[in-house]
Amino acid sequence: MEYLFGPVLSRRLGLSLGVDLLQNKTCNLDCVYCELGGTTCLTSCRNRFVSPEKVLREIKSRAGESFDFLTFAGSGEPTLSIDLGEILARARKLVDSPIAVITNSTLLDSPQVRREISSADVILPSLDAATEPTFRAINKPDPRLKIESVIEGLRALRREFQGEIWLEVMLVKGINEHEVELIARAAESIEPDRVQLNTVVRPPAEPVEPLDEEMMESLLEIFDHAELIPDWDWRVPPKMQERLEELLSREPCTLEDIALQLDLEGSAIIKYVKILERDGRLGRKLQDGRYYFYAIEG
Ligand code: SF4
């Protein structure tokens, strides 16, 4: 697969099958917390980075699988792709699962971009600053981008978009926490369905530090109805873990075998298996082009 990744377990979206319309790291920001590393291609020019037909062929080939969201994200800012609108609209006819778009919000001041993403079910934009100096410090944008236009674009999106908007605010120690009040007021003016506060959890592009849990909890009060993005604390129900481990200690099975034997939906099985793999309870081996999962004793 060249353009699709996962499904991965996402803290915000559950089991997410990702679509990457960019190549390398292409973005109009160079956020200090970016887990993809530094931006290699800093541009605000929309362009064609991949062949739409090839992407759609891949989506079609995975359409029958179980996942919670088909998510446009990946190695940069998806709205930089001029093909986003067409691919999204055609993907909608191929998959039953809801479609999400993760964006850094910077191109939402364009009516064309807002139109293109309007057929998504959920848009997950981000906003990490309310003033120009903080915008430059945390997001290191293309010099032509202005935070006021970003916020205005988000407000326009809210007025026009019928689906859900989940606004993410990434907080980084010593860089933007002093501006939380202003960010909270800006977020209120946007009126998203959810405001999700986050801090650095994965290895970031630069040596920046997260806010501690106590601080994050206290900042919730400044926002109107905000929530913390949950930690990576997924668990399998104990009875289900027992059944899975019992089955897989008898013989290695494919995901389809497991779903059949335990009479469960495919998406639930993938989630459980991924969690147990993460916890070192299950392993996998490739045989005749298929993955077989087995229980790890001890
Ligand atoms: S907007 Fe996203 S992809 Fe771009 S630099 Fe920031 S975190 Fe990385």
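Note: hydrogens, waters and symmetry copies are ignored here, and every other heavy atom, side chains too, is used. In listed order, ligands and their atoms are each counted from 1. Small disclaimer: the values here were computed from a predicted structure and weren't measured.
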K.L.:
For residues 282-298, please give each side-chain donor-acceptor pair under 3.5 Å, one per line with the distance, not counting sequence neighbours.
P.N.:
residue, atom, partner, partner atom, Å
Arg284, NE, Glu277, OE2, 2.7
Arg284, NH2, Glu277, OE1, 2.8
Arg290, NH2, Glu256, OE1, 3.1

K.L.:
Salt-bridged, Arg136 to Glu132, with N to O below 4.0 Å?
P.N.:
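Yes, charged N to carboxylate O under 4.0 Å.
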K.L.:
Under 3.5 Å, is there a donor-acceptor pair linking the side chains of Glu77 and Thr26?
P.N.:
no
K.L.:
Pull up every protein N/O/S atom sitting under 2.8 Å from atom 4 (Fe) of ligand 1, skipping waters.
P.N.:
Cys27 SG
K.L.:
With rounding to the nearest 0.5 angstrom, report the CD1 to CG distance, Ile147 to Asn139.
P.N.:
6.5 Å
K.L.:
Apart from Leu182 itself, which Ile, Leu, Val, Met, Phe, Trp or Tyr residues share its cluster (side-chain heavy atoms under 4.5 Å, direct or through members)?
P.N.:
none
K.L.:
Taking only residues at least two apart or on different chains, which pairs with a member in residues 14-32 satisfy salt bridge (charged side-chain N to carboxylate O under 4.0 Å, His left out)?
P.N.:
Asp30-Lys140
K.L.:
Does the protein place any heavy atom closer than 4.0 Å to atom 2 (Fe) of ligand 1?
P.N.:
no
